[in-house]
Amino acid sequence: AVLLWLRAVYRSLMRSVSGFLCFQWDSLLQEMGALAALAALASVPHGQIAQNMFAAFASQTMALLGFKLMWGSFTCKLASGCPEWSGGTAMSFHHRTTCLPKPLSRWVHLWTLRAHWRSA
């Protein structure tokens, strides 16, 4: 019954937010949900070794999912043919305009500008 309900919810979401789903966020959400369910197994009372194994596996696979997301974004941007991305100048714009700058943002912004000037 739960699986039928989940399928109905998923289908209704597919119909209502199809513009959002064309960016393949639905597959990322499904993968993250499956990994969260796997991570929840680490809290089920088993032996200590099994709990540690589930926790470590869930942690590593979530890191792998994050890498997959970043790698997919990287390849998509390079394949777009945008001159800023293929020329290596897009990151200087990104580091200047990011909404929540990290502590190293200014340094990375200046470093990418110097690296681009050296290659020009």
Side-chain angles (χ1 to χ4, degrees):
V2 173
L3 289 177
L4 290 175
W5 180 79
L6 287 173
R7 182 181 167 122
V9 168
Y10 179 72
R11 289 208 176 251
S12 68
L13 283 174
M14 290 277 290
R15 289 190 186 121
S16 62
V17 291
S18 61
F20 175 72
L21 297 179
C22 71
F23 296 112
Q24 296 181 345
W25 287 104
D26 58 335
S27 61
L28 180 67
L29 289 173
Q30 287 175 348
E31 291 169 349
M32 193 64 187
L35 290 178
L38 182 66
L41 288 176
S43 65
V44 173
H46 293 293
Q48 189 63 32
I49 294 173
Q51 283 183 326
N52 290 343
M53 183 182 69
F54 277 122
F57 184 72
S59 173
Q60 294 297 317
T61 52
M62 285 189 189
L64 187 63
L65 183 62
F67 175 77
K68 177 187 163 200
L69 175 67
M70 292 297 151
W71 183 259
S73 297
F74 165 73
T75 55
C76 190
K77 288 172 183 170
L78 282 183
S80 70
C82 177
E84 284 82 19
W85 281 106
S86 58
T89 60
M91 289 309 289
S92 65
F93 178 76
H94 168 73
H95 291 296
R96 245 190 347 238
T97 60
T98 186
C99 56
L100 295 173
K102 305 291 184 250
L104 295 177
S105 287
R106 175 128 177 95
W107 180 81
V108 171
H109 167 65
L110 295 174
W111 179 77
T112 56
L113 287 177
R114 282 194 300 267
H116 180 67
W117 287 337
R118 289 181 191 151
S119 66

Query raised in the report: So, for Val9 and Ser12, which heavy atoms are closest and what is the spacing to 0.1 Å?
Result: O-OG, 2.8 Å
Report summary line: Between Leu65 and Glu31, the two heavy atoms sitting closest are CD1-OE1, 3.0 Å
Requested in this report: First locate atom CZ of Arg11, then atom CZ of Arg15, and finally report the distance between them rounded to the nearest 0.5 Å.
Outcome: 6.5 Å
Query raised in the report: How long is the gap from CD on Gln51 to CD1 on Ile49, to the nearest 0.5 Å?
Result: 11.0 Å
Query raised in the report: Between Trp71 and Phe67, what is the ring plane arrangement, given parallel below 30°, perpendicular above 60°, and tilted in between?
Result: parallel
Query raised in the report: Just by modelled atom types, is the Lys77 backbone N or O under 3.5 Å from a matching donor or acceptor in the Ser80 side chain?
Result: yes
Report task. Indicate, with yes or no, if Leu64 and Phe57 share a hydrophobic cluster defined by side-chain heavy-atom contacts under 4.5 Å among Ile, Leu, Val, Met, Phe, Trp and Tyr. Result -> no
Query - Leu35 with Leu69, same ILVMFWY side-chain cluster at under 4.5 Å - result: yes
